[in-house]
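The structure appears below as structure tokens.
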Amino acid sequence: LCNTIRQSKQTQVQGMLNELSVEAAMQLDGPLELPVKRERLPSIVQKQLEEIEQAELLQFIDLGMEPVLDFQELLTMTSHTDRLRKLSRMIS
């Protein structure tokens with residue numbers, strides 16, 4: 001389920017980024033070159049694309065659907081009791 005949701009979210013975000021990139025590239029002088037290279041877009045558009053990516057990443061992390069993060073947290077815990085509490089929350 002986690003991978004399905006992640007893939008769906010990634011596809012949606014990539015579609016949004018592609019639309020914005022093509023729209024910005026169409027505003028540039030000269031013929032439209034596909035695929036659109038981010039580095040050829042105006043810096044303000046590049047920044048906007050990066051902000052969208054960061055916001056979407058934070059939203060995905062907030063969903064709690066990335067199992068690797070939970071296991072990384074478990075590995076960094078020094079207390080056995082804290083690990084058990086975390087593990088019990090993960091499986092409940």
Side-chain angles (χ1 to χ4, degrees):
L1 181 62
C2 293
N3 287 330
T4 303
I5 292 172
R6 178 177 45 208
Q7 192 65 36
S8 171
K9 190 78 166 152
Q10 185 178 11
T11 302
Q12 291 172 349
V13 171
Q14 191 60 50
M16 183 177 16
L17 295 174
N18 287 343
E19 287 179 27
L20 290 171
S21 296
V22 169
E23 190 175 307
M26 290 173 56
Q27 302 296 323
L28 300 174
D29 291 334
L32 177 63
E33 293 182 31
L34 294 175
V36 175
K37 305 241 185 276
R38 188 177 286 199
E39 60 270 4
R40 292 186 181 159
L41 298 175
S43 60
I44 192 160
V45 174
Q46 291 180 35
K47 184 178 180 193
Q48 181 184 14
L49 295 173
E50 289 171 11
E51 289 171 354
I52 291 170
E53 287 175 330
Q54 286 298 315
E56 293 295 331
L57 175 62
L58 292 175
Q59 283 181 0
F60 180 74
I61 290 171
D62 286 344
L63 288 175
M65 298 298 291
E66 181 57 64
V68 173
L69 297 177
D70 287 327
F71 286 106
Q72 286 178 340
E73 185 179 353
L74 277 173
L75 291 172
T76 61
M77 292 178 165
T78 55
S79 165
H80 182 67
T81 307
D82 289 342
R83 281 190 209 114
L84 290 175
R85 283 190 193 122
K86 175 69 178 176
L87 191 55
S88 69
R89 284 193 304 268
M90 288 170 60
I91 60 176
S92 62

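Predicted, not measured: the structure shown is a model, and the values here were computed from it.
Considering CD of Q14 and CD of E56, their distance stands at 11.5 Å, rounded to 0.5 Å. To the nearest 0.5 Å, atoms OG (S43) and CD (E50) are separated by 10.0 Å. Here Q59 contributes atom CD and Q54 contributes atom CD; the two are 12.0 Å apart, rounded to the nearest 0.5 Å. In this structure, NZ in K86 is found 12.5 Å from CD1 in I91, a value given to the nearest 0.5 Å. One finds the CE atom of M16 at 10.0 Å from the CD atom of E53 (value rounded to the nearest 0.5 Å).
The neighbour count for L58 CG, taken as heavy atoms of other residues, nucleotides or ligands under 6.0 Å away, is above 12.
V22 and I52 fall within the same hydrophobic cluster, where Ile, Leu, Val, Met, Phe, Trp and Tyr residues are linked whenever their side-chain heavy atoms come under 4.5 Å apart, directly or through other members. Linking Ile, Leu, Val, Met, Phe, Trp and Tyr whenever their side-chain heavy atoms come within less than 4.5 Å leaves L75 and L87 in two separate clusters. L57 and L49 end up in different hydrophobic clusters when Ile, Leu, Val, Met, Phe, Trp and Tyr side chains are linked at under 4.5 Å. Residues L84 and M77 do not share a hydrophobic cluster, clusters being chains of Ile/Leu/Val/Met/Phe/Trp/Tyr side chains in contact below 4.5 Å.
The closest side-chain heavy-atom distance from I44 to Q48 is not below 4.5 Å. Put simply, the side chain of R38 reaches to within 4.5 Å of the side chain of L17, judged on heavy atoms. Here the side chains of M90 and L74 are in contact, with some heavy-atom distance below 4.5 Å. The side-chain heavy atoms of P35 and N18, taken from C-beta on, include no pair separated by under 4.5 Å.
Taking each heavy atom of A25 and L41 in turn, the nearest pair found is N-CD2, 3.8 Å.
Residues satisfying the salt bridge (charged side-chain N to carboxylate O under 4.0 Å, His left out) test with R83, not counting sequence neighbours, are none.
Pairs passing the salt bridge (charged side-chain N to carboxylate O under 4.0 Å, His left out) check and including a residue from residues 18-28, sequence neighbours excluded, do not occur.
Proximity of a side-chain donor or acceptor of S8 to a complementary backbone N or O of T4 within less than 3.5 Å is not detected.
Ionic pairing of E73 and R89 is not present here: no N-O contact between side-chain nitrogen and carboxylate oxygen is shorter than 4.0 angstrom.
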